[in-house]
Structure formats: C-alpha cells, structure tokens
Amino acid sequence: MPELPEVETVARTIEPDVIGRTITAADIRWARTVATPSPKKFKEQVQGQRILGVSRRAKYIVLQLENYNLLIHLRMSGDLAVRKGKIQAEKHDRLILSLRGKRGEESYLAFNDTRKFGRVWLTDQPETVLGKLGPEPLGKEFTPQWLHENLHKRSRQLKPLLLDQTFLAGVGNIYADESLHMAKLHPLGLSNAVTLKQAAALCEAIKSVLKEGIRRNGASIDWVYRGGEYQNYFRVYDREGKPCLTCGTEIQKFTVGQRGTHVCPTCQPLERK
DNA sequence: CATCAACCCTGAGAGC
DNA sequence: TGCTCTCAGGGTTGAT
C-alpha cells in the first residue's frame, strides 16, 4: 500500500523522466480519477503546461506546473510510470498525460490504478487539498516534545491517531504497526497516557521505520510496488502467528478502526486504568 | 470530540 | 477446473 516511503519512491523514480517536459494532452480513462476540475477544464488547463518540479507532501505527489499544481494521491493501488514512445495504454491505466521533451521526444505519464481509489487534483490553490494535513514525520517540526504535547491534546487510541492525516501526515497501516512495535506501545493505548519518554521512543520509531522504508524503496505487497523490498524487514505487519523477532512471542492480529493490526502482546503490553 | 461503519473498487486466495 | 465468498485498505462521509 502506498504510504510515505512508497510515495517518496514513486516521486523520486519519475522525477528525472518528467522534469522539463511539457504536457501536450490528457486522456482521462476513468472519469472519477480526476477529483477537480471537470474533465473538460482539466484537459484545457493541463495542456501546454511544463513540469517544473516533483515533490511529495504526505502521501501526495506534487507536480509543480507553470500555472498549477497537479496533486496525485495513489490511495490503495495507484502507481505512476513514464513510458517512452507512442501511447500504449495498459490495463488499469486511468489517466495518461502525453509529454514532449525539449527536442520533441515523445513519452507519457501513466497513472495506473487497479482499484480506482486514486485521485488527481489540478489546482492553483494546493492548500485547499493539502491544508489540513499534519506535519511531515521526517520534518523538523516533528519532535518528541511536539508529539508528546499533541498526544495530550486528545484522548484517542494511538493507532487510529497515527493514521489520522490531520494529526501526522504520511503514516499508513504498515508503518503505524511497525512504529508502535518498535516503540513498545500498544495500538489501543490512549494518546494522553503516553509519557514524554514514550513519546520520544515513538517519534524516533516513526522516523526510523519511514527512513528504512525509503531506503528499501518501499514495501511490495499485494501485487503493486514491484520495486520495493521493505516487506522482507517487517517485524509485525503480516506476521500473524509468527514469533516476535524481539522476544519470540506469537504475533497477534486484530482489528482496530477497520484496519488489520499486528502486535506482540509481550513487547507491547496494554496498560489499562 | 471520539468511535464506528458504510462506501468507493478489484483481484488474489480460500473453500467447495 | 471453476464457481462463490471473503478480504485487503486510504480516505471521506454520516450516524451515534
């Protein structure tokens, strides 16, 4: 599932192949993929725009164009690829942007998304989409003090709070489970019961697993993300019934907030009041 | 404010 | 082999 490290990997992968290219046409192959504006306006506005930059904010890929920002969210099954030559649409391609290089080279950016959950926004006001997001976990703002302070502003279960993008941006199901295990915190623990020391451990764990994920080019699970190999380094995620790599206890799986959740009951005891 | 569930989707894998 | 059923999950929305 594309989370921060997977999105970062996709952004870094396409960057050299799209920078400086001009978008010459848009083929919207699944209408709902374009969240805004209307298909007609999207085609008109995106046409002729040169791609000036590629970056990532939370789980969004941001293509900076001359007059707009093209925001892309891969959701569950989305992927971006640049293919050279004339367009040959593949199964599940939902949006295709034709590209022209400085010397007229033809290529195209394909947004492939099996489950059709992915979305694209073309806007000159990216803040309307990105404005409510929490801080970047790999940014300067995300410190043990910030985390401790903000955990105590709420009284929520830790895992759903970590998955709340308005609280912290970019963490998804896999990295939430891995972070909580590394920090030895239970997913159902209450946010306002976390000590400063625990918050520091969690802060460090989140940074650590995300950086490791990026280093491994993300995780390849389901049938998306051919490139990554972080799935070989999971310590709890998708390891139900297997021994905890720290203590040997069987990893347990249960549902929290409609998400499969993996925990070592020994390393991550649930302290109850 | 916190919690819960439905919804959007497809295809892999299990069970028969 | 081939059918049906369940499950996976990021984010939004609405109900409690």
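Below, each value reflects all heavy atoms present in this structure, side chains not excepted, and no hydrogens, waters or symmetry copies. Chain A is the first sequence line, chain B the second, and so forth, proteins listed ahead of strands; every chain is numbered from 1.
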Chemist: Establish whether the base of C:dG10 is bridged to the side chain of A:R115 by a donor-acceptor pair shorter than 3.5 Å.
Modeler: no

Chemist: Can you measure A:L74 atom CG to C:dG11 atom C1' for me and round it to whole angstrom units?
Modeler: 13 Å

Chemist: Nearest-Å distance, CE (A:M76) to C1' (C:dT12)?
Modeler: 14 Å

Chemist: For A:L190 and for A:R259, locate the closest nucleotide of DNA chain B by heavy-atom distance; then report the residue assigned to the nucleotide nearer the 5' terminus.
Modeler: A:L190

Chemist: How would you label the contact of A:Q258 with the nucleic acid (heavy atoms, under 4.0 Å): base, sugar-phosphate, or nothing?
Modeler: base

Chemist: Taking atom P of C:dG10 as reference, at what distance in whole Å does atom CG of A:L130 sit?
Modeler: 19 Å

Chemist: Report the nucleotide, chosen from C:dT12, C:dG10, B:dC9, that has the shortest atom-to-atom distance to any side-chain atom of A:H73.
Modeler: C:dG10

Chemist: Find the distance A:L161:CG to C:dG10:P and express it as a whole number of Å.
Modeler: 16 Å

Chemist: Take a 6.0 Å sphere around CD of A:E127 and say whether it holds more than 12 heavy atoms from other residues, nucleotides or ligands.
Modeler: yes

Chemist: Counting the atoms with a prime plus P, OP1 and OP2 as sugar-phosphate, which does A:K153 contact under 4.0 Å by heavy atoms, base, sugar-phosphate, or nothing?
Modeler: nothing

Chemist: Does OP1 or OP2 of C:dG9 have a side-chain N or O of A:Y237 closer than 4.0 Å?
Modeler: yes

Chemist: Looking only at the side chain of A:R94 (C-beta and beyond, no hydrogens), which of the listed nucleotides C:dG9, B:dT10, C:dG11 gets closest?
Modeler: B:dT10

Chemist: Grab the CG-P distance between A:L4 and C:dG11 for me, whole Å please.
Modeler: 11 Å

Chemist: How many Å lie between NE2 on A:H92 and P on B:dC9, as a whole number?
Modeler: 14 Å

Chemist: Can you tell if the side chain of A:Y60 reaches within under 4.5 Å of the side chain of A:L74, non-hydrogen atoms only?
Modeler: no

Chemist: Should A:L4 and A:V171 count as side-chain neighbours, where that means a heavy-atom distance under 4.5 Å?
Modeler: no

Chemist: Classify the nucleic acid contact of A:G257 as base, sugar-phosphate or nothing, counting any heavy atom under 4.0 Å across all strands shown.
Modeler: nothing

Chemist: So do A:P126 and A:L71 actually touch side chain to side chain, heavy atoms under 4.5 Å?
Modeler: yes

Chemist: Counting only heavy atoms from other residues, nucleotides and ligands, does the tally under 6.0 Å from CZ of A:R83 exceed 12?
Modeler: yes

Chemist: Just how far, in rounded Å, is C1' of C:dG10 from CD1 of A:I72?
Modeler: 16 Å

Chemist: Tell me: CD of A:E3 to C1' of C:dA8, nearest whole Å?
Modeler: 13 Å

Chemist: Are A:E136 and A:R57 close enough that some pair of their side-chain heavy atoms sits under 4.5 Å apart?
Modeler: yes

Chemist: Taking DNA chain B as the partner, which of residues 116-125 of chain A come within under 4.0 angstrom of it by heavy atom?
Modeler: A:K116, A:F117

Chemist: Indicate, with a heavy-atom threshold strictly under 4.0 Å, whether A:R156 touches base, sugar-phosphate, or nothing.
Modeler: sugar-phosphate

Chemist: Looking at C:dG10, I'd like to know if its phosphate oxygens (OP1 or OP2) sit under 4.0 Å from a side-chain N or O belonging to A:K59.
Modeler: no

Chemist: State which of C:dG9, B:dT10, B:dC8 makes the closest approach to the side chain of A:N173.
Modeler: C:dG9

Chemist: A:V263 versus A:F254: any side-chain heavy-atom pair under 4.5 Å?
Modeler: yes

Chemist: So what does A:K253 touch, heavy atoms closer than 4.0 Å: a base, only the sugar-phosphate, or nothing?
Modeler: sugar-phosphate

Chemist: Please tell me whether A:H92 and A:N112 have a donor and an acceptor in their side chains that are separated by less than 3.5 angstrom.
Modeler: no

